[in-house]
Amino acid sequence: MSSLAIDTTFLIDLYWEDSPRHKGAVKFFKNFANKTSNTLLVYYNCFNEFIHVITDTKRFENAFSMEEALNIVDEWRELDRVKILFPFDESFGRTVTWLKIHNLGRKHLNDTNMASRYELEGATEILTANPKDFECFKTLRTVGY
């Protein structure tokens with residue numbers, strides 16, 4: 001069974017119909033749903049970021065309500081081929097090491113945490129609209145949608 005990691009951008013694009021990447025995200029997700037052998041890996045903080053962004057009335061004219069965003073997260077928590085990942089000692093240690101090695105600042109904390117946890121889970125690809133956020137992590141190949 002193969003696994004594909006996702007970035008928060010994918011979740012936002014999947015649900016935000018005005019996104020220029022919405023159709024691509026929907027197409028990818030439908031294709032994923034028809035394959036029985038793949039698993040999507042989701043770092044738990046992707047859901048926090050998703051909720052934060054999708055409910056932002058300053059960013060979106062018709063932002064989602066908190067209830068709508070939480071219902072989406074609950075749906076994802078129940079999907080069969082989705083594995084939600086949480087940090088642990090080794091992933092946090094790797095995050096700190098990568099921040100030092102790659103000379104990354106505070107704006108890269110979440111992506112570095114996510115990348116280190118995904119790598120420890122065996123992911124080699126991450127689905128993202130922001131490939132630059134992950135380019136220094138040579139173990140993760142970025143995939144668009």
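Throughout, residue positions are numbered sequentially from 1 according to the sequence presented.
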When you check the side-chain N and O atoms of S19 and D13, is any donor under 3.5 Å from an acceptor? yes
Check whether the side chains of N45 and N48 place a donor and an acceptor atom closer than 3.5 Å, and report yes or no. yes
Side chain N130, main chain K132, donor-acceptor under 3.5 Å: no
Quick check against the 3.5 Å criterion: does N103 have a side-chain atom that pairs as donor or acceptor with the backbone of L99? no
Minimum heavy-atom separation for [X] to [Y], with atom names?
X	Y	value
I6	Y118	O-OH, 2.6 Å
P131	T142	CB-OG1, 3.5 Å
S116	S91	OG-O, 3.1 Å
T8	F50	CG2-N, 3.5 Å
C136	H102	O-CE1, 3.3 Å

Kindly determine whether N113 and T95 satisfy side chain to side chain donor-acceptor pair (under 3.5 Å), including the steps that lead there. CA-CA 5 Å; N113 273 302; T95 297; 3.2 Å; yes
F10 and W16: aromatic ring centres closer than 6.0 Å? no
Is the centre of the H22 ring less than 6.0 Å from the centre of the Y15 ring? no
Using 30° and 60° as the class boundaries, would you call the ring planes of F28 and F32 parallel, tilted or perpendicular? parallel
Stepwise, does the ring pair (Phe, Tyr, Trp, His ring centres under 6.0 Å) test hold for W98 with F92? CA-CA 10 Å; W98 282 359; F92 179 68; over 10 Å; no
Within 45 degrees of the ring normal and closer than 6.0 Å to the centroid, is that where the cationic atom of R117 sits relative to F86? no
Out of L40, I126, N38, T124, which one pairs with L4 under the side-chain contact (heavy atoms from CB on, under 4.5 Å) rule? L40
